[in-house]
2 protein chains.
Amino acid sequence: MRENRVMSSTESSHVFEPGAELARSSSPARILTLVHRHGSLSRAQLTKLTGLNRSTVGVLIAALVAHGLVFEAAPAGEAQVGRPSPEVHPNPAVAALAVNPEVDAVTIGLVGLGGRVLRKVRYPTQRIPTAAEAVNIAAAVIAGMRGELDAQYRVVGIGVAVPGLVTVADGVVRHAPHLDWNNEPVAQMMAEATGYRVRVANDASLAAEAEMTFGAATGIANLIYLNGGASGIGGGIVADGRLLTGVCGYAGEIGHTLVRSDGTSCHCGAFGCLETEVRQAPLLAALKLDAGDPAALARALSATNDPAVTSEVHRQVAYLATALRNVVNVFNPEAVVLDGFLAALYAAAPEQLLAAVTAQSMREPGAQVTIHPAALGADLMMVGAAELAFAQLLTDPAGFMEAH
Amino acid sequence: MRENRVMSSTESSHVFEPGAELARSSSPARILTLVHRHGSLSRAQLTKLTGLNRSTVGVLIAALVAHGLVFEAAPAGEAQVGRPSPEVHPNPAVAALAVNPEVDAVTIGLVGLGGRVLRKVRYPTQRIPTAAEAVNIAAAVIAGMRGELDAQYRVVGIGVAVPGLVTVADGVVRHAPHLDWNNEPVAQMMAEATGYRVRVANDASLAAEAEMTFGAATGIANLIYLNGGASGIGGGIVADGRLLTGVCGYAGEIGHTLVRSDGTSCHCGAFGCLETEVRQAPLLAALKLDAGDPAALARALSATNDPAVTSEVHRQVAYLATALRNVVNVFNPEAVVLDGFLAALYAAAPEQLLAAVTAQSMREPGAQVTIHPAALGADLMMVGAAELAFAQLLTDPAGFMEAH
DNA sequence: GTAATAAGTTCTGTACTCAAACATATTAGA
DNA sequence: TCTAATATGTTTGAGTACAGAACTTATTAC
């Protein structure tokens, strides 16, 4: 357990160094990552999945057990012929903190190795929080959990999911339009306020990774994730199993691609963006709802047959299809995962969306792609942000445990 | 030297297996790849670049020398203090064949390890070649070179660059609209016709990789490549140093993204694509040229001050900027490389394009991106296609040389 | 109760890599 | 011209990761 220590502002080592995960993923890393992603696997399954010799797998798991990262237990499922293979479980006491500032709340969570959300605290705010306020709220909640954390958990760090452009290397939020944050060194602020190691990234990118790792697109290596929120559309792209980041970590802004040449101008500086044409507000207005809960929206959409609503749904689905046509042609993804009100929109007119995407896309990539609603729901951001904090541990378990 | 043997159609091993390069890039692979990409490097430089111990580097280079993949020579440049470090050169006698079918010709090349084009034969065709004709032409040219190849070279295989959608895993050209090829098993056909191992991929994707490896974007890990040809616009995307392929290898079709909602319909099934709005033909028409040579086009554009030409240039640059805005927001690339008539278009109005891209893109990724004309010119496709054939050798030099 | 099966365990060999000590080829300066 | 400084190649010995073979163990099938 780590001691609760005060950090000086020069002690920058608690901001994760970029390139720390450049080290080629080692064998212990592969095993720990598999166990983390699957929740639990038998030694025999790990042997098959890694392609390593079973004697080697034995040694590696023993080391992970010695480090307290995993534990073995008797097999649970129905028995097979042959000696039973013990199941390897991730140790949920090895945990990561997740922080997700939004326009109306700051959510703080604790996520165990294996991806289970162990604690979640949503702290509503009266107005849009500043970066300093968000950090203070998170730090206060974490301070409140500190006794429990130090007694029962090994916390590997904090992952912060921010709705905006983030330079991942230094953890600076360059521009979060809806929070009105500009050049906020969130990683440093959070590290100084809590003493934990901190990494920051774009929320939709983390969501994309979480959906690939634990959600609707488990095991799919090429996927597009799009989340429709009250304030806009965020996106994340996973290609060949890796999240696309671009040079600075800004990649994935599918919400700001052209879908309508004569569209209205967008806060991003352009016009006719997906985000300006496909919005939650007109749907809620047509339905005379004011709550932004995606599930309620989906229910209301399926219940209504008001032609004004239907027409708005069709209009938005057409623009969404155009955006998807672009990304399907450019990425040849296996799946598109829709979250938030976009999932509700899809549920309201699934055939229309799929038909429009297929018609506009090039034949071959268009025939490949499938569309799914997101699966992780409320815990998505916690899991995604935690993944950010787990990354270094999963890349180099032995090195990480020795260093911390 | 491999013997000239006849292959049966069941002998499918000569189509490269997918996933063959899944093996984590080994140390000999890293050294050979560095030498191949740089043309030559001193042992001291290799030690620094790989981070390996110099004794290890010595052993590895000795093995590569023993396999005849590289050779050492006295250092050429100006001398430094200290013992001179011998330069390691790729052996150009280890070579790959490159084939590039186009609407008016089939080009066959021989490219040595290190990326130098050693031979190039352009075989013009009277009409658009069928897949069988293209394979026959290539096989005939290769048969003609066979004596020289067997005597002086070790040929690692054939890479084919096709302007169309290609399933890389099995080497089937799904759809090449301008060649009018559909579901042509080019890898298998070429393997049977020549006896060599064959891999096939999209031409623009290979060009993107070649520009990253040897051309205008050397060492840039996140780049967008766009090539404007007589028949359309092809694109390739490199993210984190790896070419994006998508699930089936169709990724990169930036030519088929929306730039104009009321644009004309495109052969791809959609409308308002970059490829339908930005075309070489109207530029040539305005200039009263009929040759499609990009260099001549660039010269003519810079020489003219005909307002009709200028207006067409401005119109096309505006649409190109819109397409670039989309990819800049989605990928956050470090560089955009423009080739073919798009390079001429850029040369004609560089400030306009850059200003429009910067204005429309989100501020942060827009500020990051630079625009470059392509550097490799005529040899680009040969180098790119050869890279496809070299891939397996570069990934596992020892294993490859033992097996072949 | 015995065979078949599947898997964990132990032991040994090999390949890769590093570090240290040593050898060598060059420049800088006395 | 000689010597020091420097950078690098070379040799040797040791450590680590991993595979493979032989052996052991726990389960099902008959």
Side-chain angles (χ1 to χ4, degrees), chain A residues 22-35 40-67 70-89 395-399 401-402, chain B residues 22-35 40-67 69-89 395-402:
Chain A
L22 273 183
R24 289 252 160 262
S25 128
S26 62
S27 288
R30 287 167 63 200
I31 290 188
L32 184 59
T33 302
L34 283 167
V35 171
S40 79
L41 284 167
S42 73
R43 280 168 74 151
Q45 287 174 301
L46 284 168
T47 304
K48 271 180 206 116
L49 288 169
T50 59
L52 296 168
N53 190 283
R54 60 178 192 256
S55 57
T56 308
V57 172
V59 171
L60 296 175
I61 290 173
L64 293 175
V65 170
H67 279 113
V70 302
F71 62 91
E72 290 185 294
E78 67 277 20
Q80 307 285 326
V81 185
R83 177 173 177 172
S85 188
E87 293 212 38
V88 182
H89 298 272
T395 309
D396 180 15
M401 294 315 290
E402 265 159 46
Chain B
L22 275 184
R24 289 253 160 262
S25 134
S26 63
S27 289
R30 286 167 63 201
I31 289 188
L32 185 59
T33 302
L34 283 167
V35 171
S40 80
L41 284 167
S42 72
R43 282 168 71 150
Q45 288 174 302
L46 284 167
T47 303
K48 271 179 205 117
L49 288 169
T50 58
L52 295 168
N53 190 282
R54 62 179 191 255
S55 55
T56 308
V57 172
V59 171
L60 297 175
I61 290 174
L64 293 175
V65 169
H67 279 111
L69 295 171
V70 302
F71 62 92
E72 289 186 296
E78 65 277 16
Q80 307 283 325
V81 184
R83 179 173 176 172
S85 189
E87 293 212 37
V88 182
H89 298 271
T395 308
D396 180 15
F400 186 88
M401 294 315 291
E402 266 159 45

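A, B, ... follow the sequence lines: proteins, then strands. Residue 1 opens every chain. Values below: all heavy atoms of this structure, side chains included; hydrogens, waters and symmetry mates excluded. All values reported here derive from a predicted model rather than from experimental measurement.
- Listed nucleotides D:dA19, D:dC18, D:dT27 differ in distance to A:L60; the shortest reach to its side chain belongs to D:dC18.
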Could you walk me through whether A:L52 and A:L60 pass side chain to side chain contact (heavy atoms under 4.5 Å, CB included), step by step?
CA-CA 10 Å; A:L52 296 168; A:L60 296 175; 3.8 Å; yes
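- The CG atom of B:L52 sits 10 Å away from the C1' atom of C:dC16 (whole-angstrom rounding).
- Atom-to-atom, CG of A:D396 to P of D:dA17 comes out at 11 Å; the value is rounded to the nearest Å.
- Listed pair A:N53 / D:dC18 fails the phosphate criterion, with no side-chain N or O lying under 4.0 Å from OP1 or OP2.
- Along DNA chain D, the nucleotide closest to B:K48 and the one closest to B:V59 are compared, and the more 5′ of them pairs with B:K48.
- Taking a 6.0 Å sphere around CD of A:Q45, one finds it holds more than 12 heavy atoms contributed by other residues, nucleotides or ligands.
- Using a 4.0 Å heavy-atom distance criterion, A:S85 is classed as a sugar-phosphate-only contact.
- Look at CD on B:Q80: it is 12 Å from C1' on D:dT8, rounded to the nearest Å.
- Within 6.0 Å of CD in A:E72 there are more than 12 heavy atoms belonging to other residues, nucleotides or ligands.
- One finds a side-chain N or O of A:T56 lying less than 4.0 angstrom from the OP1 or OP2 phosphate oxygen of D:dA19.
- No donor-acceptor pair closer than 3.5 Å links the side chain of B:S42 to the backbone N or O of B:S85.
- One finds no side-chain N or O of A:R54 lying less than 4.0 angstrom from the OP1 or OP2 phosphate oxygen of D:dA21.
- With C:dT9, C:dA4, C:dA25 as the choices, the nucleotide that has an atom nearest any side-chain atom of A:V81 turns out to be C:dA4.
- Applying the 3.5 Å distance criterion, the base of D:dG9 shares no donor-acceptor pair with the side chain of B:S55.
- No side-chain heavy atom of B:T50 sits under 4.5 Å from any side-chain heavy atom of B:S27.
- Residue B:R83 places its side chain closer to D:dG9 than to any other of C:dC11, D:dC18, D:dG9.
- In this structure, CD of B:E87 is placed 16 Å from C1' of C:dA25, rounded to the nearest angstrom.
- Backbone-only engagement by B:S27 is indicated by non-hydrogen atom pairs under 4.0 Å involving sugar-phosphate atoms exclusively.
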